[in-house]
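When a residue number appears, it is its place in the shown sequence, counting from 1. Source: prediction; values computed, not measured.
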Amino acid sequence: FVIAMGDIDLSVGSIWMLNSVMMAVALRDNYNIRSAVAVCMIVATVCGLVNGALSVALGIPTIIVTLGTLSLYRGLGLVVTNASPVSGYNLDNWFFTWIGGKDPVFGVWISVWAMLIVGVLGWILFNHTPFGRRVQAIGSNRQAALFSGIRIARTRIMVMTLMGFIVGIAAVVALAFNRNGSPTVGMGTELNVIAATIIGGTALSGGSGSVLGAILGALIIALIQNGLALLAVPPAWSTAVTGIVIIVAVTLDYFIKRRA
């Protein structure tokens, strides 16, 4: 949604980290699981709302705003955790057993079900609702969208808020798998997100995109990284390969647009 609208969000990894540790802290402080999940989702949604509101209010591109909030949110997470993993809560419950992947549903992990459900709902929202068409119109030609009566500011804030909400879901699932709130989680995730989105067919210039394509792009990135790990390639090269994939994807997108 964000890239299809012509914007880029660099803070997704930091929002993921902040809300993962926030939920872990809530569990450590004896909140019940539902309350801890609510804390995570509310804070994540507010983070996305802040990104969108700052960009619109200050008239600054989202990429610049989120470059700042990337450090802000990660810094807040480090303050909350004292730069140490958060643990010390009960792991013997349905949340860590079921969502954490020990008890698959119909042979499939809950994280996969969550990805599929979010993907299908996102596909419907993007391709079959007025909201999705407004997002694509803004990305295609912002001036024309303004003249056609689309409330660009409100739509941009809604998209960034939605992004925060979805990252909150990822943070909940990640905590269930990792079993502790790590202050290092999510580092470099923004690059993987951008690469997956572009590989999946979303134009970096905005105006078009594919939710299901982005999911396939994420799977391709994961396969590349897992393949490098199986080949005992040093982790640093995984980051380098991700950068190469982004460069190749952006170059292909440029030439395809140019020929069109």
Side-chain angles (χ1 to χ4, degrees), residues 1-2 9-55 62 65-66 69-70 72-81 85-87 89-91 93-101 105 109-126 129 131 154-183 185-187 189-190 193 211 214-215 218:
F1 283 82
V2 175
D9 187 349
L10 297 177
S11 68
V12 289
S14 296
I15 296 176
W16 176 13
M17 173 268 203
L18 173 60
N19 290 280
S20 180
V21 299
M22 287 291 291
M23 182 174 174
V25 168
L27 290 173
R28 186 191 63 190
D29 292 345
N30 296 319
Y31 281 67
N32 62 50
I33 292 174
R34 290 179 179 81
S35 297
V37 169
V39 168
C40 176
M41 297 304 301
I42 290 172
V43 174
T45 304
V46 169
C47 287
L49 174 62
V50 168
N51 285 342
L54 283 176
S55 180
T62 303
V65 170
T66 56
T69 56
L70 178 153
L72 171 62
Y73 297 149
R74 186 162 293 277
L76 290 174
L78 291 173
V79 170
V80 169
T81 62
V86 181
S87 58
Y89 40 80
N90 180 28
L91 299 176
N93 54 55
W94 64 269
F95 177 75
F96 292 99
T97 301
W98 191 47
I99 299 181
V105 177
W109 286 356
I110 289 296
S111 59
V112 177
W113 284 115
M115 178 189 69
L116 293 175
I117 292 170
V118 171
V120 170
L121 292 177
W123 176 78
I124 294 172
L125 185 64
F126 188 76
T129 67
F131 174 73
R154 186 175 72 174
T155 303
R156 291 181 65 204
I157 292 174
M158 290 174 65
V159 167
M160 298 305 295
T161 303
L162 176 64
M163 172 63 74
F165 179 81
I166 293 173
V167 175
I169 296 174
V172 170
V173 176
L175 179 63
F177 264 84
N178 296 333
R179 305 174 78 80
N180 67 66
S182 172
V185 72
M187 294 183 69
T189 302
E190 55 279 345
V193 170
V211 174
I215 293 176

So I166 and F1, do their side chains get closer than 4.5 Å, heavy atoms only? no

How many angstroms lie between CG in L76 and CG in L18, if you round to the nearest 0.5 Å? 6.0 Å

Please report the shortest heavy-atom distance between W16 and A170, naming the atom on each side. NE1-O, 3.9 Å

Going by heavy atoms in the side chains, are V118 and I169 under 4.5 Å from each other? yes

L125 side chain near L162 side chain, heavy-atom distance below 4.5 Å: yes

Please walk me through it: do V211 and L121 pass side-chain contact (heavy atoms from CB on, under 4.5 Å)? CA-CA 9 Å; V211 174; L121 292 177; over 6 Å; no

Kindly give the heavy-atom pair with the smallest separation between P85 and N180, and that separation in Å. CB-OD1, 4.0 Å

So, do V46 and T161 sit near enough that their side-chain heavy atoms are less than 4.5 Å apart? no

Heavy-atom closest pair, residues V80 and M22: CG2-SD, 4.1 Å

Any side-chain heavy-atom pair of M41 and V172 under 4.5 Å: yes

Is there a donor-acceptor pair under 3.5 Å between the side chain of T81 and the backbone N or O of G77? yes

So, do Y73 and V50 sit near enough that their side-chain heavy atoms are less than 4.5 Å apart? yes

Report the distance from atom OG1 of T66 to atom CE of M163, rounding to the nearest 0.5 Å. 10.0 Å

For M17 and L78, work out which heavy atoms get closest and say how close. CE-N, 3.7 Å

Strictly distance-based, threshold 3.5 Å: is any side-chain N or O of R74 a donor or acceptor partner for the main-chain N or O of P183? yes

Reported OG-to-CG distance for the pair S11 and L72, which is rounded to 0.5 angstrom: 9.5 Å

Are L49 and M160 close enough, and set up right, to give a side-chain contact (heavy atoms from CB on, under 4.5 Å), and what steps lead you there? CA-CA 6 Å; L49 174 62; M160 298 305 295; over 6 Å; no

Atom pair OG1 (T155) and CZ (F131), whose distance is rounded to the nearest 0.5 Å: 6.5 Å

Looking at every heavy atom in both V185 and N178, which two are closest together, and how far apart are they? CG2-ND2, 4.0 Å

Show your working on side-chain contact (heavy atoms from CB on, under 4.5 Å) between Y31 and V37 and close with a plain yes or no. CA-CA 10 Å; Y31 281 67; V37 169; over 6 Å; no

Indicate yes or no for a side-chain donor-acceptor contact from N19 to the backbone of G168 under 3.5 Å, with no hydrogens or angles considered. no

Looking at side-chain heavy atoms only, is the closest gap between I15 and N51 below 4.5 Å? yes

With rounding to the nearest 0.5 Å, note down the distance linking CG in L10 to OG1 in T189. 12.0 Å

Least distance between heavy atoms, V21 atom then S182 atom: CG1-O, 3.7 Å

With the side chain counted from C-beta on, respond yes when V39 and M23 share a heavy-atom pair under 4.5 Å apart, and no when they do not. no

Atom OG1 in T62, atom CZ in R156: separation rounded to 0.5 Å? 4.0 Å

Should V173 and I110 be marked as a side-chain contact (heavy atoms from CB on, under 4.5 Å) after you check the CA-CA gap, both sets of side-chain angles, and the distance that decides it? CA-CA 8 Å; V173 176; I110 289 296; 5.7 Å; no

